[in-house]
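Worksheet: the structure to be examined is printed underneath.
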Amino acid sequence: YLTKKSNVCCVRNLNAAMTFNQYLGKYVCGNLSEMDYPELGVAGIIEGFESKYLGILAGMNRTDETSELRKYLKWTIEELNIELPKKRDAALLYSNGIVDEILNEEKDVIDGVYEIKNFALDSYDFRTETKKYLFDSIGFEKAYGLFVEYYDLKDSFANESNQNLMTETKAELLVEIKNWKLKLKNGV
């Protein structure tokens with residue numbers, strides 16, 4: 001176990017931003033590859049969860065047999081008696097993990113917001129909660145608007161003024177992602 005635990009720390013550094021619960025959110029959203037299950041295991045160990053199967057999962061390799069990875073994740077969830085988050089909560093947990101990656105400069109803000117919108121938020125139908133603007137029920141409407149604006153500028157004729165506007169929009173989006181992090185922390 002000690003040998004595995006020391007090997008695990010090396011794996012964890014590949015994706016230091018996500019927490020155990022954020023990985024579970026990504027899993028529930030259907031976006032966690034079996035190859036990433038060991039990272040989920042490492043996150044759990046780092047956060048102090050104790051489970052025989054979690055330790056085994058954390059010590060496994062990304063290239064291990066998919067059925068084995070699935071089996072140990074299932075057993076970990078059962079052994080820890082984890083109630084998986086509902087899809088809405090999972091989408092927000094997963095989004096929060098991506099926000100952490102953006103803020104830790106592990107992921108570009110545009111790539112991160114793309115993943116938030118297309119993989120995390122689109123895994124749950126937030127459109128049904130819309131009051132006035134898309135994603136306003138979770139306070140993401142301004143970030144989403146800036147994201148769309150960035151791609152509109154990118155898709156229009158490329159010129160120097162558009163490049164400057166894209167840079168400004170990207171900076172505004174980063175500020176808005178920081179603001180959204182606070183909203184997520186306070187519960188949306």
Side-chain angles (χ1 to χ4, degrees), residues 12 14-40 42-44 47 62 73 82-159 161-188:
R12 177 67 175 143
L14 297 176
N15 194 357
M18 288 242 187
T19 67
F20 184 68
N21 283 330
Q22 290 166 343
Y23 274 116
L24 287 177
K26 188 174 182 176
Y27 169 74
V28 170
C29 289
N31 293 298
L32 186 66
S33 165
E34 287 89 352
M35 293 187 326
D36 295 329
Y37 289 5
E39 289 182 27
L40 176 148
V42 172
E47 292 174 35
R62 296 173 53 87
L73 178 60
I82 293 173
E83 184 177 326
L84 293 174
K86 302 286 185 227
K87 191 72 113 173
R88 183 185 194 281
D89 294 333
L92 294 173
L93 281 167
Y94 177 23
S95 295
N96 200 7
I98 299 165
V99 167
D100 289 343
E101 290 175 332
I102 293 168
L103 297 180
N104 292 333
E105 298 180 358
E106 297 170 20
K107 189 168 283 190
D108 175 74
V109 67
I110 298 299
D111 295 338
V113 173
Y114 179 89
E115 185 177 352
I116 288 169
K117 194 274 178 203
N118 290 306
F119 295 99
L121 298 182
D122 279 358
S123 70
Y124 176 81
D125 190 7
F126 285 101
R127 287 168 177 73
T128 61
E129 298 179 5
T130 299
K131 297 170 184 122
K132 188 172 182 179
Y133 300 106
L134 186 58
F135 302 121
D136 60 4
S137 67
I138 55 172
F140 191 70
E141 71 278 7
K142 187 171 180 183
Y144 180 66
L146 289 166
F147 176 72
V148 170
E149 182 179 333
Y150 177 88
Y151 273 102
D152 286 347
L153 289 167
K154 186 176 179 178
D155 289 342
S156 64
F157 295 105
N159 60 44
S161 65
N162 273 9
Q163 292 299 323
N164 291 338
L165 286 171
M166 287 171 59
T167 300
E168 289 173 22
T169 302
K170 191 173 178 178
E172 287 177 46
L173 181 56
L174 183 57
V175 168
E176 188 54 35
I177 288 300
K178 290 176 184 176
N179 293 336
W180 194 50
K181 173 72 177 174
L182 294 174
K183 293 174 188 175
L184 287 171
K185 185 177 179 181
N186 294 326
V188 289

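- Among Lys178, Lys185, Lys181, the single residue meeting the salt bridge (charged side-chain N to carboxylate O under 4.0 Å, His left out) criterion with Asp100 is Lys181.
- Between the side chain of Asn104 and the backbone N or O of Glu106, no donor-acceptor pair lies under 3.5 Å.
- Ring geometry, Phe140 versus Phe135: the interplanar angle exceeds 60°, so the pair is classed perpendicular (tilted spans 30 to 60°).
- Across Thr169 and Leu146, no two heavy atoms sit closer than the pair CG2-O, 3.4 Å.
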Inset, instruction - Carefully, step by step, assess Asn31 and Ser123 under the rule side chain to side chain donor-acceptor pair (under 3.5 Å). - result: CA-CA 9 Å; Asn31 293 298; Ser123 70; 5.2 Å; no

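- Within the structure, side-chain hydrogen bond (donor to acceptor under 3.5 Å, both in side chains) contacts touching residues 137-147 (residues at least two apart or in different chains) are Glu129-Ser137.
- No more than 12 heavy atoms of other residues, nucleotides or ligands shown are found within 6.0 angstrom of OH on Tyr27.
- The minimum heavy-atom distance between Val28 and Pro85, with the atom names listed, is CG1-O, 3.6 Å.
- Among residues two or more places apart in sequence or in another chain, the ring-ring contact (aromatic ring centres under 6.0 Å, His included) test is passed with Phe119 by none.
- The two residues Arg88 and Val188 make their nearest non-hydrogen contact at NH1-O, 3.3 Å.
- For Tyr151, the OH atom is densely surrounded, since the number of other residues' heavy atoms within 6.0 Å is greater than 12.
- A donor-acceptor pair under 3.5 Å is formed between the side chain of Asn118 and the backbone N or O of Tyr114.
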